[in-house]
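Being a predicted model, the structure only gives us computed values, none of them experimental. The chain is numbered in sequence order, starting from 1. Atoms within a ligand are numbered from 1 in the order they appear, just like the ligands themselves.
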Amino acid sequence: MKDTRFPKLVLGINALVPLVLLSWDIWRRRAGANPTEFITRTTGMLALIFLTVSLAVTPLRRVISANWLVKFRRMLGLFAFFYGVLHLMTYVAFDRFFNLKSVPADVFKRPFIALGMTAFVLMIPLAITSTNEMVKRLGGKTWSRLHRIVYLAGVAGVVHYWMLVKSDTRLPLTFAFVLAVLLGYRLLVKFAPPASVGTGSGGGRIFPAP
Ligand code: HEM
């Protein structure tokens with residue numbers, strides 16, 4: 001796929017649809033009895049979904065030999081960060097009422113907030129270094145190594161979610177399972193014996209070369 005402008009436009013519009021729907025619900029006062037919780041949960045869920053989908057790109061690209069998928073990875077990651085920023089802003093505005101001094105105490109009081117903060121902070125260098133210019137400046141190897149942090153951000157995000165869910169843990173468990181599969185695949189590719197690692201576009205092997 002050479003010209004990705006149109007598919008990127010489609011992806012961008014689709015990624016913004018949940019935000020439009022959320023804004024519409026708030027505008028029409030249909031955000032439930034607790035709008036803060038509604039907004040926080042929606043933006044948190046979107047951040048985690050985009051992060052997980054961006055993590056799925058590399059394994060999927062290798063398994064189905066669809067290298068073009070990589071062209072959408074940065075956009076997916078940036079949408080994860082974008083919804084993470086909205087999530088954090090909702091927390092700061094409606095949970096802390098802009099009292100930034102109360103944030104550190106809350107981090108210590110509620111461990112799931114600490115995990116959320118960790119996930120968010122880990123996403124910052126990834127967003128900053130997402131430009132072509134930064135890839136060039138850091139060099140491909142360093143950039144790739146740095147971007148492995150994304151798995152830590154994913155783990156922190158899932159644990160954050162798991163910790164705040166009180167009874168029904170099925171959804172956080174599902175995220176944890178998907179994350180474990182994606183991370184497991186990456187580790188297998190890295191440490192599998194060379195014989196099981198194919199070359200080129202896959203060659204029908206389980207672990208095509210990176
Ligand atoms: C920036 C620091 C963060 C703070 C302060 C924070 C805070 C919160 C709060 C207060 C809630 C609502 C808890 C409740 O209603 O009981 C929440 C929910 C959630 N957060 Fe975060 N969070 C942060 C970062 C993140 C990040 C980076 C992700 C994803 C990668 C994330 C994913 C989620 C999810 C999935 C939920 C639950 C959604 C649901 O219940 O459907 N959070 N967060």
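Considering backbone and side-chain N/O of Lys166, none are found under 3.5 Å from N/O of ligand 1. Polar contact with ligand 1: present for His160 (N/O pair, distance under 3.5 Å). Taking only nitrogen or oxygen atoms, main chain and side chain alike, Arg110 does not reach within less than 3.5 Å of ligand 1.
Close approach of ligand 1 to Gly44 is summarised as follows: ligand atoms under 4.0 Å from at least one heavy atom of the residue are 20 (N), 32 (C), 33 (C), 34 (C), 35 (C). Every atom of ligand 1 with a heavy atom of Phe120 under 4.0 Å away is listed here by number and element: 1 (C), 27 (C). For ligand 1, the atoms closer than 4.0 angstrom to any heavy atom of Ala119 are 27 (C). Heavy-atom proximity to Glu37, at under 4.0 Å, picks out these atoms of ligand 1: 15 (O).
Of all heavy-atom pairs spanning Phe97 and Phe94, the tightest one is CZ-O, 3.4 Å.
Looking at Leu16, Ile49, Leu46 one by one, the single match for side chain to side chain contact (heavy atoms under 4.5 Å, CB included) with Phe79 turns out to be Leu16. For the pairing with Ser54, the side chain to side chain contact (heavy atoms under 4.5 Å, CB included) check across Leu78, Leu76, Leu126 returns one residue only, Leu76.
The closest side-chain heavy-atom distance from Tyr91 to Val103 is below 4.5 Å. Residues Lys141 and Arg145 have side chains in contact (heavy-atom distance under 4.5 Å, counting atoms from C-beta outward).
Counting heavy atoms only, His87 comes closest to atom 26 (C) of ligand 1 of the residues Arg41, Met163, Met45, His87.
The protein heavy-atom contact nearest to atom 12 (C) of ligand 1 is Thr40 CG2, 3.7 Å. In terms of protein heavy-atom proximity, atom 24 (C) of ligand 1 is closest to Gly116 O, 3.3 Å. Taking atom 18 (C) of ligand 1 as the reference point, the nearest protein heavy-atom neighbour is Leu164 CD2, 3.3 Å.
Ligand 1 lies within reach of Phe112, whose nearest heavy atom is under 4.0 Å from it.
Ring pair Phe50/Tyr83 is parallel by interplanar angle, where below 30° counts as parallel and above 60° as perpendicular.
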message: Applying side chain to side chain donor-acceptor pair (under 3.5 Å) to Thr129 and His147, what does each step give before you reach the verdict?
response: CA-CA 9 Å; Thr129 58; His147 276 247; 2.8 Å; yes
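With hydrogens and angles left out, the side-chain atoms of Asn132 and Arg74 include a donor and acceptor closer than 3.5 Å.
Protein heavy atoms are absent from the space less than 4.0 angstrom from atom 4 (C) of ligand 1.
Within 6.0 Å of CZ on Arg110 lie more than 12 heavy atoms contributed by other residues, nucleotides or ligands.
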